[in-house]
There are 2 protein chains.
Amino acid sequence: MAPKPRRVTQREIARIAGVSQTTVSLVLNDRDGSNIRIPEETRERVREAIEAATYVADPAARRLAGLDNQIVGVFTYEPALSPESMDFYGPLLNGIERAAEQVGCDLLFFTSSPVEDGTRRLFHRKTRLRLADGCILLGQQMDGAELERLVDERFPFVAVGRRDETEAKVPYVGLDYVTPTRALIDRAVALDHERAVYLHRDRPSPTARDRRAAIESAGAEGRLTFALSGAEDLAGLAGLVRDHRATVLFAEDAFLAEDAIHALTGAGVRTPADVSVAALAEVRGHRSDGRVLTGFHVPRDEVAAEALEVLHELIASPVEDWDSLDTQRLLGAEVEPGETIVERATR
Amino acid sequence: MAPKPRRVTQREIARIAGVSQTTVSLVLNDRDGSNIRIPEETRERVREAIEAATYVADPAARRLAGLDNQIVGVFTYEPALSPESMDFYGPLLNGIERAAEQVGCDLLFFTSSPVEDGTRRLFHRKTRLRLADGCILLGQQMDGAELERLVDERFPFVAVGRRDETEAKVPYVGLDYVTPTRALIDRAVALDHERAVYLHRDRPSPTARDRRAAIESAGAEGRLTFALSGAEDLAGLAGLVRDHRATVLFAEDAFLAEDAIHALTGAGVRTPADVSVAALAEVRGHRSDGRVLTGFHVPRDEVAAEALEVLHELIASPVEDWDSLDTQRLLGAEVEPGETIVERATR
DNA sequence: CTGAAAGCGCTTACAG
DNA sequence: CTGAAAGCGCTTACAG
């Protein structure tokens with residue numbers, strides 16, 4: 001490997017400005033207080049030397065000496081910059097970049113993390129994790145053990161997406177799906193619907209539970225009667241809709257909604273004329289027969305930005321105070337009224 | 001700011017394993033040679049202690065002690081992760097991520113760089129540039145002075161995109177547009193076209209010069225006679241085409257091609273029936289009336305990956321050898337035959 | 001007001 | 001075969 005090219009150091013600047021290296025450090029960091037008082041004249045001289053030499057402090061040395069680095073780690077459990085993952089990660093990364101820009105942080109992507117069992121590992125022999133002041137974790141699925149370890153080691157981090165796989169209090173910024181699901185159900189009820197089908201996937205995620213909770217409480221309150229169907233049973237969907245006399249269908253996400261529409265149309269059921277359809281997830285860009293799909297707008301960029309904010313609070317607070325911080329936050333998704341929930345046809 | 005939580009260090013590991021801290025370092029880095037010979041037994045003991053304590057070396061300290069960090073900086077002159085810039089940066093970042101994964105590098109995005117005059121600055125008071133072993137530069141436009149400075153300081157870097165704004169030898173990986181432009185002209189000639197219009201923008205970039213060179217040499221050789229039009233003169237385009245009796249139109253990029261098609265169609269000129277159209281740039285996703293636009297496929301991800309490769313060579317070579325390295329590379333764009341260059345209509 | 005010194009956690013000659 | 005020591009470039013008490 002190449003010999004590290006000799007760089008300008010504070011000692012050099014000190015020599016030029018005719019002061020001690022300590023003074024250079026003090027000026028560089030704008031230190032000024034009760035016990036440090038450097039005359040403006042001296043400061044100016046040092047600044048000039050710094051300017052002339054285009055000196056910048058070595059971040060590694062700063063870090064080693066105990067300062068923070070203004071570097072936020074970004075860990076994704078899958079490649080984040082591939083075309084396929086852009087759909088999910090794109091808005092998140094965008095939010096992170098914007099927030100980082102605002103607070104003056106650089107972003108360290110742990111792309112080198114080795115892949116084991118199809119997912120990246122955060123902790124490995126040469127992890128550069130500690131180079132960052134803290135870390136943002138992204139991914140649909142996360143490793144509980146790694147989360148625990150981060151908590152144990154008191155390393156500042158925030159997960160994007162609600163986490164409940166661990167005992168430990170994991171800081172996160174996630175999304176609340178209960179409220180918008182309720183809102184969509186209310187809308188259906190207001191449009192005279194009484195019987196619904198919920199087409200869901202089989203993943204037990206916190207957001208899936210949210211939707212389920214909202215649906216169950218609506219059922220319990222007798223506002224809308226639900227029949228459930230798994231995503232694997234698309235073939236039986238039209239039959240279920242008919243048997244249940246459902247006039248509205250909620251799908252767990254937009255892709256599933258499209259599949260459902262396809263299946264229903266194929267069985268001679270018109271959407272939304274016979275059966276209204278809505279997705280309980282992001283619907284941006286999804287249309288059915290030219291109609292904007294009813295569903296949510298999920299502010300993923302805001303989630304990411306807020307995650308960075310929480311991380312910043314953690315970094316700025318002494319570890320003893322972490323417990324009193326509000327580090328588990330939920331943001332609401334916004335309802336997209338769309339055009340695929342319409343008034344129930346009178347028979 | 002939070003007190004740096006106490007971390008496990010090599011000293012601690014040494015204590016546990018009953019060896020010196022030096023030995024821990026040696027084992028950790030798999031050092032073994034003529035003057036270093038640690039018995040497997042000792043190594044094993046140390047490894048166990050490392051494992052048990054889930055110890056990882058502090059990258060800041062490693063860096064300070066002169067080792068490389070396996071961190072590649074990524075500097076973009078604009079925000080790279082915004083939806084608008086994804087079109088351009090997306091494939092590049094994807095290529096970089098893949099290459100980084102392969103060589104085991106982490107990626108440090110300099111998002112904190114302050115914006116001056118609408119563009120980010122790489123050098124500033126607290127640039128974390130030196131934390132990286134080297135840096136990839138991305139952006140349509142780059143600052144010549146910054147490039148010079150990087151060269152002067154012997155900091156390993158590679159620009160994505162050809163650079164010719166400086167005296168100094170700037171390492172880059174760019175694209176050759178001469179060859180594919182020639183190929184497209186050949187194609188037009190083969191399809192009996194004799195007279196063409198070139199609709200271009202007004203940016204003097206290396207790639208713009210490539211296209212121009214190919215067009216001028218074709219003109220000089222009498223293979224295709226060109227009339228030129230600026231992008232701002234779309235209104236006069238149909239007139240120019242008629243006056244010049246052009247049967248094929250080359251546009252500098254796909255968007256311009258679309259504008260041109262729109263303008264021609266509006267003036268009663270059919271494309272490609274009356275006038276064939278091609279873009280001298282990436283055409284992925286562009287269609288005209290259902291037809292795949294003729295143009296190029298630009299391997300942007302490969303460009304980025306190759307840039308990382310060159311960077312790696314720089315990092316691995318002593319500075320004295322840099323001059324003998326092949327650090328200015330051009331990759332060829334591939335021709336997309338498309339469907340908008342057709343045989344010239346016989347009149 | 002400013003400097004000499006210790007220390008951050010590592011690596012690497014240099015001695016044993 | 002292995003350890004004590006110097007040094008990487010910084011920050012920050014602690015003395016003057």
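Protein chains get the first letters and strands the later ones, always in sequence-line order, with residue 1 at the start of each. Note that the structure is a prediction, hence the values are computed from the model and not measured.
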Which atom pairs, one a donor and one an acceptor, fall under 3.5 Å between side chains of residues 102-109 of chain B and the rest of the protein, sequence neighbours left out?
| unit_1 | atom_1 | unit_2 | atom_2 | d |
| --- | --- | --- | --- | --- |
| B/D106 | OD1 | A/T111 | N | 3.2 |
| B/D106 | OD1 | A/S112 | N | 2.9 |
| B/D106 | OD1 | A/S112 | OG | 2.7 |
| B/D106 | OD2 | A/R128 | NE | 2.9 |
| B/D106 | OD2 | A/R128 | NH2 | 3.3 |

Side-chain donor-acceptor pairs of residues 94-101 of chain A under 3.5 Å, sequence neighbours excluded:
| unit_1 | atom_1 | unit_2 | atom_2 | d |
| --- | --- | --- | --- | --- |
| A/E97 | OE1 | B/A80 | N | 3.4 |
| A/E97 | OE1 | B/L81 | N | 2.8 |
| A/E97 | OE2 | B/A80 | N | 2.8 |
| A/E97 | OE2 | B/L81 | N | 3.4 |

Starting at the 5' end of DNA chain C, what dot-bracket string do you get if Watson-Crick and G-U pairs under 3.5 Å are bracketed, crossing pairs use [ ], other-strand pairs use | and unpaired bases use dots?
-> |||.||||||||.|||
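The side chain to side chain contact (heavy atoms under 4.5 Å, CB included) test applied to A/E44 returns A/E40, A/R47, A/E48, not counting sequence neighbours. Residues satisfying the ring-ring contact (aromatic ring centres under 6.0 Å, His included) test with B/Y55, not counting sequence neighbours, are none. By the ring-ring contact (aromatic ring centres under 6.0 Å, His included) test, B/F110 is found to be paired with no residue, residues two or more places apart in sequence or in another chain being considered. In this structure, the side-chain hydrogen bond (donor to acceptor under 3.5 Å, both in side chains) partners of A/R62, at least two apart in sequence or on a different chain, are A/N29. Listed by chain and number, the residues in a side-chain hydrogen bond (donor to acceptor under 3.5 Å, both in side chains) with A/D301 amount to none (sequence neighbours excluded). Qualifying side-chain hydrogen bond (donor to acceptor under 3.5 Å, both in side chains) partners for A/Y89, counting only residues two or more places apart in sequence or in other chains: A/E78.
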Each nucleotide N or O in nucleotides 12-16 of chain D that has a protein N or O under 3.5 Å away: list the pair and distance.
| unit_1 | atom_1 | unit_2 | atom_2 | d |
| --- | --- | --- | --- | --- |
| D/dT12 | OP2 | A/R31 | NH1 | 2.6 |

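Here C/dC8 is the nucleotide among D/dT11, C/dC8, D/dG3 with the atom lying nearest to any side-chain atom of A/L64. You'll find that the side chain of B/T42 is closest to D/dT2, out of D/dC10, D/dT2, C/dC1.
Contacts of residues 46-53 of chain B with DNA chain C (heavy atom under 4.0 Å): none.
With respect to B/D133 and B/R63, a salt bridge is recorded, a charged nitrogen being found less than 4.0 Å from a carboxylate O.
Residue pairs meeting the salt bridge (Lys or Arg N to Asp or Glu O under 4.0 Å) criterion with at least one member in residues 135-146 of chain A, sequence neighbours excluded: A/R121-A/D143, A/R121-A/E146.
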